[in-house]
There are 2 protein chains.
Amino acid sequence: MPPRVTAPEMLDSETKAVETPEDHADELRLWLRLLTCTTLIEGEVRGRLRQRFDVTLPRFDLMAQLDKAPDGMTLSDVSKRMMVSNGNVTGLVERLVESGHLDRRTSETDRRVQVIRLTKLGRAEFRKMAAEHETWIADLFVDLSPKDVRELMRLLAKTKASAQKSAARRRT
Amino acid sequence: MPPRVTAPEMLDSETKAVETPEDHADELRLWLRLLTCTTLIEGEVRGRLRQRFDVTLPRFDLMAQLDKAPDGMTLSDVSKRMMVSNGNVTGLVERLVESGHLDRRTSETDRRVQVIRLTKLGRAEFRKMAAEHETWIADLFVDLSPKDVRELMRLLAKTKASAQKSAARRRT
DNA sequence: GCCAATTTCTTTAGGCTTCAAATAATTGGC
DNA sequence: GCCAATTATTTGAAGCCTAAAGAAATTGGC
């Protein structure tokens with residue numbers, strides 16, 4: 001069987017773009033593999049969080065954002081950082097305020113804005129979870145060499161940039 | 001400021017494992033980057049699917065699985081492949097049968113088993129969506145060279161294997 | 001054949017998530 | 001100061017998702 005070649009570039013009598021149905025199977029496979037990896041790890045982390053601490057992954061993620069911001073964040077900030085919708089954050093925050101992990105107050109300078117931050121309880125519980133969480137992640141990636149890790153970081157940064165550009169193109 | 005060094009290995013008078021709080025910050029950063037990439041691309045694909053075809057990503061994913069299995073799949077198969085819970089599949093399938101995209105019948109040899117497959121309509125619609133979907137993915141990854149793609153594939157395969165081993169260890 | 005264990009699927013309760021529409025507050029141009 | 005546009009958040013409807021419990025069917029050891 002002769003090796004498959006990519007479709008030859010066609011010359012077009014008009015100036016309009018050439019429509020060669022290109023083969024994007026590799027990119028598709030890459031995307032599926034990326035998704036599989038993430039789903040796998042995410043599911044594992046989710047399961048461990050709930051088993052060990054009876055907490056959901058979204059709650060943990062939200063607390064992680066707030067732990068990095070001692071002065072608090074607005075809901076919009078959180079929404080952008082977590083890449084989830086505003087309405088989603090509203091609900092999440094509500095439940096975490098309810099359970100005493102979050103403090104929420106209206107900004108004094110702009111009454112549209114809600115500033116949330118971790119309570120003492122919230123911070124303490126998060127720190128405990130985060131320490132263990134870090135060991136889980138380390139274990140999940142344990143077979144990667146430091147070089148693998150660096151290489152992946154680099155390639156994923158490139159991927160992120162590419163995807164962001166593509167997304168921006170669409171929004172134009 | 002002197003460069004930070006990793007914690008020195010401590011000698012322990014007992015034979016028990018040395019408890020050096022190791023630094024796993026790199027793995028953590030890698031995980032966050034992986035998650036960001038996936039979330040970014042997934043959100044983009046979700047948005048385009050709904051804009052162009054008014055279909056959700058989970059539905060598209062389910063149809064993609066079935067497109068590869070002309071003889072149909074059982075719900076359990078689907079659940080494993082998609083890495084989602086059984087109950088989730090039950091609901092998804094219900095809605096897709098309702099909309100005429102899926103055909104569902106009880107296996108003749110094992111009456112516990114439900115076999116689902118794409119209807120003619122389902123297959124036709126999926127094929128149309130899939131063709132466009134592939135171009136979106138290609139565009140999202142467009143800044144990666146073929147070598148980058150190969151490298152990422154390799155490293156993600158390694159990552160997947162590592163995570164699966166880790167998950168298996170936990171279940172022991 | 002019997003029945004305990006297993007497998008397949010559904011159901012339920014609760015939470016997560018999105019999108020779109022609505023509400024409320026601020027800002028900027030005039 | 002007024003008001004249109006913008007920004008921040010909430011609400012509501014629909015769907016997605018999980019974990020756990022339950023129902024139905026099959027299997028395997030005896």
Rounded to the nearest angstrom, tell me the gap between atom [atom1] in [X] and atom [atom2] in [N].
| X | N | atom1 | atom2 | value |
| --- | --- | --- | --- | --- |
| B/Met73 | C/dT8 | CE | P | 13 Å |
| B/Leu62 | D/dG15 | CG | C1' | 14 Å |
| A/Glu98 | C/dG15 | CD | C1' | 14 Å |
| B/Leu49 | D/dG15 | CG | C1' | 15 Å |
| A/Glu94 | C/dC16 | CD | C1' | 13 Å |
| B/Asp54 | D/dG15 | CG | P | 11 Å |
| A/Ile116 | D/dA8 | CD1 | C1' | 13 Å |
| B/Leu57 | C/dC16 | CG | C1' | 15 Å |

### Message
With heavy-atom distances below 4.5 Å as the criterion, would you say the side chains of B/Leu49 and B/Thr56 are in contact?
### Response
no
### Task
Check whether any side-chain heavy atom of B/Arg81 sits under 4.5 Å from a side-chain heavy atom of B/Val78, and report yes or no.
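No; the side chains remain at least 4.5 Å from each other.
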## Note on the structure
The complete set of ring pair (Phe, Tyr, Trp, His ring centres under 6.0 Å) pairs with one or both residues in residues 102-129 of chain B, sequence neighbours excluded, reads B/Phe60-B/Phe126
### Query
Under the criterion side-chain contact (heavy atoms from CB on, under 4.5 Å), which of A/Asp103, A/Leu92, A/Leu102 is the partner of A/Val97?
A/Leu102
Using a cut-off of 4.0 Å on non-hydrogen atoms, how would the nucleic acid contact of [X] be classed: base, sugar-phosphate, or nothing?
| X | result |
| --- | --- |
| B/Thr56 | sugar-phosphate |
| B/Ser76 | sugar-phosphate |
| A/Thr74 | sugar-phosphate |

### Task
Give none if C/dA22 has no partner; otherwise give the nucleotide forming a Watson-Crick or G-U wobble pair with it, both distances under 3.5 Å.
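Base-paired to D/dT9.
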### Task
For D/dC30, give its Watson-Crick or G-U wobble partner with both distances under 3.5 Å, or none.
C/dG1
### Query
Is the shortest side-chain N to carboxylate O distance from A/Lys147 to A/Glu151 below 4.0 Å?
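Looking at A/Lys147 and A/Glu151, the cut-off is not met.
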### Task
Share the residues that join B/Val115 in a hydrophobic cluster, the rule being Ile, Leu, Val, Met, Phe, Trp or Tyr side chains under 4.5 Å apart at the heavy-atom level.
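Listed partners: B/Val113.
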### Summary
A correct 5'-to-3' footprint of nucleotides 17-29 of chain C, with B, S and - meaning base, sugar-phosphate only and no protein heavy atom under 4.0 Å, is SBSS---BBS---
### Query
Can you tell which of A/Lys165, A/His24, A/Arg169 makes a side-chain hydrogen bond (donor to acceptor under 3.5 Å, both in side chains) with B/Asp139?
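Exactly one pass, corresponding to A/Arg169.
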